[in-house]
Protein chains: 2
Amino acid sequence: MALRHAVLAALLDGEYSGYQLAKAFDIGVANFWHAVPQQLYAELTKLEKEGLVAGRQVIQETRPNKRVFRVTEAGHAELERFATDVSKPSSIRDDLLVKVQAADRVDTGPVIEQLEERASAADGKIELLGQVLRRLRGDAAEEEFLRTGDRVGPYLTCLRGLSFEQEHRDWCLRTAGILRERQAHHAGR
Amino acid sequence: MALRHAVLAALLDGEYSGYQLAKAFDIGVANFWHAVPQQLYAELTKLEKEGLVAGRQVIQETRPNKRVFRVTEAGHAELERFATDVSKPSSIRDDLLVKVQAADRVDTGPVIEQLEERASAADGKIELLGQVLRRLRGDAAEEEFLRTGDRVGPYLTCLRGLSFEQEHRDWCLRTAGILRERQAHHAGR
DNA sequence: AAGGGCATGTAATTGGTTACATGATTTG
DNA sequence: CAAATCATGTAACCAATTACATGCCCTT
């Protein structure tokens, strides 16, 4: 059960409501842990019951009121303990790769299309992550920031996300190209 | 529910028992879909009930008997249909990245250790995948094989797995190095 | 007036993980 | 003779997904 720890780690950046946390997950944490809003609301409720986070009401005039959460002492302790646990091997799951695995036994047309869509989705994500990284490091150069900046954790995980997306895009384009070429060949028989 | 499709795609390579399928998953399919043996046994039972795979008993003398499965016509049709579905975005989950996200707020010692362990685990996987790729392409050069080989599906997904592991190893080592340097700095204060 | 963003959930279902169980045979 | 490999599951629990639900405010 590491969603709780992903939530705790995300809340280290400051106070968030469930809604804001969902946004933060989408851009940053989703690089290594995906969750939909419903999960986050449920998890925050559980964490509060267990005293690992504390919520407080924020009254807003122009928008609905919200509850924002911060990590408690007990929450920090739990993260500290979690950091010493052995990690499970990282796992990927990707529908599209299942389709590529079967690519030479099914109609490749739709698979090629999806590979190209994925590639451009990855391009979007690459640009977004670039912006996030620039925002995180401020004016400092990357090396400088990594040596002396505070809060390098999110920066390091974003770097991982970035390289993942870049590799993913390259692989998608290459694979689409290969399948397209093979398609042309077969048509010529 | 794409485990079923991952199973169908894996069974395109030939007949497998549950046990053999579990092995095949560990080396190949795990690059994009992880599953433990219990899941596979359960899924094969379901798929057989639905007529997407067909099992047959193989009597062995020196080893326990086993049931091996092949994809039926209906199974192929289901894969064909699946290939045209829109794909969900690929998702990663990784405990260790959760820890890195929190790295500047918890004791980094154990995190650094785990990053280095991961890096050497990735090294092992990289070597293994290299062997798998060589075996799949036989005597042909890679380019040649990708143009004209049959069964390029598994080859392409292994290439993705390989580049994932390489990036993962590099990132782990770089991150461990950065955290170590910061640790030394802080100690010197 | 419609659509999108803010804000928070409940309920039902499906999928995944963990622990347990069994028993033969082969290899070191 | 102990450990690993082959071979197949059941049961209990935990996590994730999907569908549904509500309501306000702001922009177009």
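In what follows, chains are A, B, ... by sequence order, proteins preceding strands, each numbered from 1.
Here the rule is side chain to side chain contact (heavy atoms under 4.5 Å, CB included) with B/Val7, and of B/Phe69, B/Phe25, B/Trp33 only B/Phe25 fits it.
Listed by residue number, A/Thr62, A/Pro64 are the residues of residues 51-64 of chain A with a heavy-atom contact under 4.0 Å to DNA chain D.
Across the protein-nucleic acid pair, A/Phe69 atom CZ and C/dT8 atom P stand 7 Å apart, rounded to whole Å. One interatomic measurement links the two molecules: CG of B/Leu40 to P of D/dC6, which rounds to 15 Å at whole-angstrom precision. Separating the CG atom of B/Asn65 from the C1' atom of C/dA24 is a distance of 11 Å, rounded to the nearest angstrom. Rounded to whole angstrom, the span from the CG atom of B/Leu21 across to the C1' atom of D/dG9 amounts to 15 Å.
Cluster annotation: B/Leu79 is connected to B/Val53 through the hydrophobic network of ILVMFWY side chains, with a link wherever side-chain heavy atoms come within less than 4.5 Å.
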Per-nucleotide protein contact along nucleotides 14-20 of chain D, 5' to 3', at a 4.0 Å heavy-atom cut-off (B base, S sugar-phosphate only, - neither), is -SSBBBB

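B/His76 and A/Arg105 share no side-chain donor-acceptor pair at under 3.5 Å.
Between D/dT5 and B/Lys23, no contact under 4.0 Å exists linking OP1 or OP2 to a side-chain N or O. Between C/dT8 and A/Tyr19, no contact under 4.0 Å exists linking OP1 or OP2 to a side-chain N or O.
Comparing D/dT8, C/dG9, C/dG5 by their closest approach to the side chain of A/Tyr41 singles out C/dG9.
Because its NZ or CZ atom is not both nearer than 6.0 Å to the ring centre of A/Phe145 and within 45° of the ring axis, B/Arg182 does not count as a cation-pi partner of that residue.
In this structure, the separation between CG on A/Asp107 and NZ on A/Lys99 is 12.5 Å, given to the nearest 0.5 Å. Taken from NE2 in A/His34 to CG in A/Leu3, the straight-line distance is 10.5 Å, to the nearest 0.5 Å. Here the SG atom belonging to B/Cys158 is positioned 12.0 Å from the CZ atom belonging to B/Arg134, to the nearest 0.5 angstrom. Between A/Asp85 atom CG and B/Leu96 atom CG the span is 12.0 Å, to the nearest 0.5 Å.
Using a 4.0 Å heavy-atom criterion, one finds that A/Ser17 contacts the sugar-phosphate atoms exclusively.
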